[in-house]
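Here's the structure we're looking at; comments come further down.
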Amino acid sequence: MRQIKPVVSERLPELLRRMPKAELHMHIEGSLEPELMFALAARNGLTVPYPDVAALRRAYVFNNLQEFLDVYHAGTLVLRTEQDFYDMCWAYLVRAAADHVLHTEIFFDTQTHTSHGLSADVVINGLHRACADAQEQLGISASLILCFLRHLSEHEAFEALEQALPYRDKLVGIGLASSELGHPPEKFAKVFARARALDFRLVAHAGEEGPPAYIWSALDVLKVERIDHGVQALRDPALVTRLAFERIPLTVCPLSNLKLKVFPTLAQHNLGRMLQAGLVATVNSDDPAYFGGYINENYTQTFAALGLTAQHAYQLAHNSFAASFIDASAKQAFQDRLVEVFETFE
Ligand code: ADE
Ligand code: ZN
């Protein structure tokens, strides 16, 4: 890895904000800010069960993943039209571009919305149109990853996959999200095999709250290329050796881990130890509207809490491009822009 010149601690937050980066773990439904939630509810003749934005934000206190997922699911009820999905995705892309995100791979699911009576095309077309407009108007590159909900059955995941196939060209990959404990990756072995046969890139949440065994089976049974979260890997030295040797990327989300009490404080987060162990870790926001920060907040707060340096910043941003599903020439172009920012930063 390139040696980066030291940066004084007062200037580090500015470097973190300004450095080019990719975001690889962000659920678009988790970017729905309370203000937009109220606006969409009004547009669709619905009500939000809180008196105002401030009261809704005050409700964003969680003890674990499931408590969050229940609130997050309630928030998706305001999404009814293709334009709603467009507006939500556009708002995220404007925010990400301001954070110097050059490329983002956006998670979404269709099962939540089809269970509310919407069809998959409303979801996918709205999100895709926002991504296309953002490329043109904001210069940010964006692609879409369809996540299956793991608390539902494999049969239902197959249905979601079949419904998405007419829009195959608008999707880069398939992921696995929602309640982890009790729903191991191997529950989805057959549907991931089918997605692989269809040439989708594959990722899965594993080792967020769940044990290292779930990371092993995401790799060996689902054959995913990246692990989302993966912070529990450090409990298993043999797994750490494998992840480092095979250079399997981990899309880590520090503020999410803090809000969902995976770690009691950010100072106890294991991101620094992951890098020390040679893991290909990246920094991401997961559900920024709920967890108190977009990607730059994840970088700045985590660096402050852990005492990480400009060398770590370069490593993480470099990893984010290396771990993305863009082609080799685009990766190189983004990494060249990263080097330029580090070389010219004062
Ligand atoms: N869906 C949205 N955010 C999630 C998370 N952190 N883990 C699992 N599923 C999710
Ligand atoms: Zn996630």
Side-chain angles (χ1 to χ4, degrees), residues 22-33 37 60-77 79 85 88-89 92 96 104-113 115 123 127 144-152 156-157 160 173-185 187-188 201-211 214-215 218 222 224-233 249-263 266 269 271 281-295 297-298 302 320 323:
E23 177 150 62
L24 306 176
H25 183 163
M26 199 291 305
H27 304 260
I28 199 66
E29 296 91 344
S31 75
L32 182 58
E33 292 287 349
M37 198 186 292
Y60 292 172
V61 177
F62 315 108
N63 289 303
N64 53 44
L65 174 59
Q66 192 58 52
E67 285 187 15
F68 157 68
L69 289 170
D70 294 342
V71 172
Y72 163 90
H73 184 256
T76 64
L77 286 164
L79 297 161
F85 287 90
M88 172 173 65
C89 193
Y92 162 70
T104 174
E105 296 178 3
I106 298 173
F107 290 152
F108 73 104
D109 79 81
T110 51
Q111 288 166 290
T112 300
H113 312 294
S115 79
V123 181
L127 299 178
L144 296 171
I145 296 178
L146 170 65
C147 288
F148 300 138
L149 299 183
R150 68 201 301 160
H151 67 279
L152 301 177
E156 287 162 294
I174 293 291
L176 185 63
S178 186
S179 322
E180 186 181 13
L181 288 169
H183 302 285
K187 178 176 164 187
F188 297 91
R201 310 301 296 262
L202 302 179
V203 301
H205 284 54
E208 178 183 13
E209 290 182 337
Y214 285 18
I215 302 176
L222 303 187
V224 302
E225 301 168 70
R226 293 196 303 243
I227 297 290
D228 296 313
H229 293 293
V231 291
Q232 303 299 336
L250 305 172
T251 62
V252 178
C253 307
L255 289 179
S256 164
N257 295 154
L258 179 68
K259 296 289 177 193
L260 302 187
K261 303 205 167 32
V262 174
F263 297 94
L266 263 191
H269 197 283
L271 179 66
T282 65
V283 167
N284 307 271
S285 67
D286 206 5
D287 299 284
Y290 291 90
F291 298 151
Y294 286 77
I295 192 166
E297 280 295 317
N298 274 271
T302 308
S320 73

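Just so you know, ligand 1 is whichever comes first in the structure, and atom 1 is the first atom listed for that ligand. Scope of the values below: all heavy atoms of this structure, side chains included, with no hydrogens, waters or symmetry mates.
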Revision key, fill the gap. If you compare M26, R150, H25, E208 by their heavy atoms, the one closest to atom 7 (N) of ligand 1 turns out to be E208
Does [X] come within less than 4.0 Å of ligand 1, judged by its heavy atoms?
X    : answer
H229 : yes
Y72  : yes
S178 : yes

Review point. Are R226 and E105 ion-paired here, with the side-chain N under 4.0 Å from a carboxylate O?
Key: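 Judged by the 4.0 Å cut-off on N to carboxylate O distance, R226 and E105 do form a salt bridge.
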Check your understanding: Given T302, which of L271, L255, V252 fulfils the side chain to side chain contact (heavy atoms under 4.5 Å, CB included) condition?
Key -> L271
Regarding [X] and [Y], do their side chains bring together a donor and an acceptor under 3.5 Å, going by distance alone?
X    : Y    : answer
D287 : S285 : no
H73  : E29  : no
T251 : N284 : no
Y92  : E23  : yes

Practice item. Classify the contact between L65 and ligand 1 as side chain, backbone, both or neither, using a heavy-atom distance cut-off of under 4.0 Å. Key: side chain
Exercise for review: Take the Zn ion (ligand 2) as the vertex and measure to NE2 of H27 and OD1 of D286; round to 10°.
Suggested key: 90°
Check your understanding: Any N/O/S of H205 under 2.8 Å from the Zn ion (ligand 2)?
Key ->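 Short answer: yes, at least one N, O or S atom is under the cut-off.
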Exercise for review: Please lay out, stage by stage, how E156 and R150 fare under the test salt bridge (charged side-chain N to carboxylate O under 4.0 Å, His left out).
Suggested key: CA-CA 10 Å; E156 287 162 294; R150 68 201 301 160; over 6 Å; no
Practice item. Find, among atoms of H25 that are N, O or S, the one nearest to the Zn ion (ligand 2), and state its name. Key: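 Going by distance to the Zn ion (ligand 2), the closest N, O or S atom in H25 is NE2.
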Point to revise | Under 4.0 Å to a heavy atom of F68 - the qualifying atoms of ligand 1, by number | key: 2 (C), 3 (N)
Considering only protein heavy atoms, which is closest to [atom], and at what distance to one decimal place?
atom                   : value
atom 1 (N) of ligand 1 : H27 CE1, 3.4 Å
atom 6 (N) of ligand 1 : D286 OD2, 2.7 Å
atom 3 (N) of ligand 1 : D287 OD2, 2.6 Å

**Study point:** Ring center gap for H27 and H205 short of 6.0 angstrom
**Key:**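 Yes, they do, as the ring centres are separated by less than 6.0 Å.
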